[in-house]
Amino acid sequence: MDELYWDWGFALEVLPVLLQGAKVTLLATLLGSLLALVVGVVLALLRRSRLHFLRWTARGVIEFIRSTPLLIQIFFIYYITPEIGINLSPLATGVLALGLHYGCYLAEVFRAGIEGVDHGQWEAARALNLSRFHTYFDVVFPQALRAALPATGNYVIAMFKETPQLSAITLLEMMQLAKIIGSENFRYLEPLTLVGVLYLVFSLIAAIAVLLLERKFPPEGFRLR
Amino acid sequence: MKQPKIRFQDVSKFFGDQPLFDGFNLDITEQEIVTLIGPSGSGKSTLLRMLMTLETIDGGEIFIDGEPLWHCERRSKTVKADEKHLRQMRAKLGMVFQHFNLFPHMSVLRNIAEAPIRVLGKSREQAYNDAACLLEQVGLADKADAFPADLSGGQKQRVGIARTLAMQPSVLLLDEITSALDPELVDEVLDVIRQLAATQRYTMLLVTHEMYFAREISDRVCFLDQGRIVEEGRPEQLFSQPQSPRTQSFLASFLRS
């Protein structure tokens with residue numbers, strides 16, 4: 001049996017390729033997060049709609065997507081949408097799947113955040129005759145989303161670590177490239193280790209970023225001046 | 001006779017299947033200052049909240065300047081009030097809350113200017129200028145850039161009053177505005193109201209437990225118990241010679257404490 005040894009030369013050789021993959025991973029995470037944010041807010045609002053139909057539809061969508069594996073959703077979007085005439089690139093598929101999936105988790109986080117806003121805030125907004133729109137955007141969201149910030153950060157980091165699942169639809173993100181390099185050179189140790197380290201580094205940076213955001217914005221809400 | 005500024009007509013309100021109000025009537029004249037007193041659970045705050053549309057009513061009607069609050073004309077039919085109608089009616093009202101309900105993420109100045117900008121369509125500059133004037137009026141000119149968390153309870157409530165005045169209501173609803181304050185901070189808030197009563201022409205409807213203040217400021221005091229006005233009259237009369245035994249025992253309990 002061969003001895004396990006670490007080849008620095010090989011590691012440095014494959015690092016630039018893996019960093020190319022890291023760009024794709026980060027891009028998928030960033031776009032996925034933005035989509036998840038929008039999906040989350042919209043679903044959270046629908047969950048609070050006065051119309052039964054909308055409330056239950058939103059609830060059904062959330063439960064359905066949360067209760068099925070992300071991988072199946074990725075495959076489903078990638079292989080089924082072309083049949084109805086929509087051709088999505090692997091990246092677009094990945095962003096859509098991550099955004100929808102994590103949007104459903106965020107919807108519940110945001111809903112809790114909105115429900116956590118003191119009832120008196122709604123009453124003050126109403127007494128001041130603010131419209132529904134301004135009540136949400138100027139009064140409720142700055143407080144609710146600030147309250148949801150730590151949990152949101154967790155989900156973004158979780159999403160980031162789920163991006164290797166996109167290798168299943170041939171997206172050339174870090175993990176996919178590591179696998180390709182491994183099979184071409186019959187060496188997996190360096191590429192897999194490097195990918196692991198990169199994930200760790202980016203996750204830690206993201207965690208610190210969330211912490212800094214929490215520090216920058218006071219707990220009572222994102223400030224409006 | 002002049003039409004009342006506010007009229008509660010045959011108003012009923014249920015909590016569950018328990019009636020709190022059943023055929024409640026009360027008229028308030030323009031520029032009148034009316035104080036509601038009574039034990040907790042008697043419905044004082046609910047009256048203010050139904051008028052501010054924070055609570056719905058289950059029967060009867062409330063009129064502001066003769067216009068029904070909870071119904072409106074649409075295509076020459078009388079229908080349940082829609083949001084547009086409610087917003088028109090609310091524009092006449094301003095409410096100050098027991099727990100201030102300031103927006104914690106906005107500076108003091110922004111708290112006051114927010115609704116004038118968003119609702120009245122004032123320019124930012126105009127709204128901030130007007131807000132600064134109001135802050136001066138309540139003695140907090142130096143706190144414009146502070147945030148609610150930096151203020152004492154009395155200061156918060158004075159900002160709450162300024163925020164309400166910024167919307168230029170003609171009716172002020174003051175819902176136990178000093179009940180959440182430490183005793184030594186009560187007077188700085190009441191002084192603002194005294195000043196308003198002396199210099200401006202608001203119609204005011206107050207709920208308070210500060211009997212000396214009610215006596216001093218009110219044109220009329222109503223004693224409420226279980227959703228009914230048991231007794232009403234000019235303050236000196238009601239406080240010195242209460243007629244109903246329930247009013248007497250309620251006031252006596254205040255004298256004891």
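Reckoned from all heavy atoms, side chains included, excluding hydrogens, waters and symmetry mates. We name chains A, B, ... by the order of the sequence lines, and we start the count at 1 in each one.
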Does any heavy atom of chain A fall under 4.5 Å from the side chain of [X], the backbone, both, or neither of them?
X	result
L102(B)	backbone
A149(B)	side chain
F103(B)	both
R49(B)	side chain

Problem - Best-contacting candidate, M52(B), H99(B), R118(B), E83(B), against chain A by heavy atom pairs under 4.5 angstrom - result: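 If we count pairs closer than 4.5 Å to chain A, R118(B) comes out on top.
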Practice task
Measure distances from Q143(A) to the heavy atoms of chain B and classify the residue's part below 4.5 Å as side chain, backbone, both or neither.
Solution key: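 Side chain of Q143(A) only, per the 4.5 Å heavy-atom cut-off to chain B.
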Exercise for the section: Go through the atoms of D138(A) and report whether side chain, backbone, both or neither lie under 4.5 Å from a heavy atom of chain B. Expected result: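 D138(A) touches chain B through backbone and side-chain heavy atoms alike.
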Problem - Best-contacting candidate, G221(A), P142(A), A127(A), against chain B by heavy atom pairs under 4.5 angstrom - result: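 Max contact count across the listed options: A127(A).
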Practice task
Walk me through it: do T56(B) and M50(B) pass the test side chain to side chain contact (heavy atoms under 4.5 Å, CB included)?
Solution key: CA-CA 6 Å; T56(B) 54; M50(B) 290 190 300; over 6 Å; no
Practice task
State plainly whether the residues R146(A) and E220(A) are in salt-bridge range, i.e. N to O under 4.0 Å.
Solution key: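 Between E220(A) and R146(A) there is no salt bridge, as every charged N stays at least 4.0 Å from the carboxylate O atoms.
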Problem - Sidechain N-carboxylate O distance under 4.0 Å for K5(B), E32(B) - result: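 No, K5(B) and E32(B) are not salt-bridged.
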Exercise for the section: Return the set of residues passing salt bridge (Lys or Arg N to Asp or Glu O under 4.0 Å) with R111(A) (not counting sequence neighbours), or none when no residue passes. Expected result: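 In terms of salt bridge (Lys or Arg N to Asp or Glu O under 4.0 Å), with neighbours along the sequence ignored, R111(A) is linked to E108(A), E115(A).
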Handout entry: With sequence neighbours excluded, residues passing ring-ring contact (aromatic ring centres under 6.0 Å, His included) with F141(A)
Key =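 For F141(A), the residues satisfying ring-ring contact (aromatic ring centres under 6.0 Å, His included) (neighbours in sequence not counted) are Y136(A), F137(A).
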Practice task
Please confirm whether F97(B) and F100(B) have ring centers closer than 6.0 angstrom.
Solution key: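 Distance test on ring centres: not under 6.0 Å, no.
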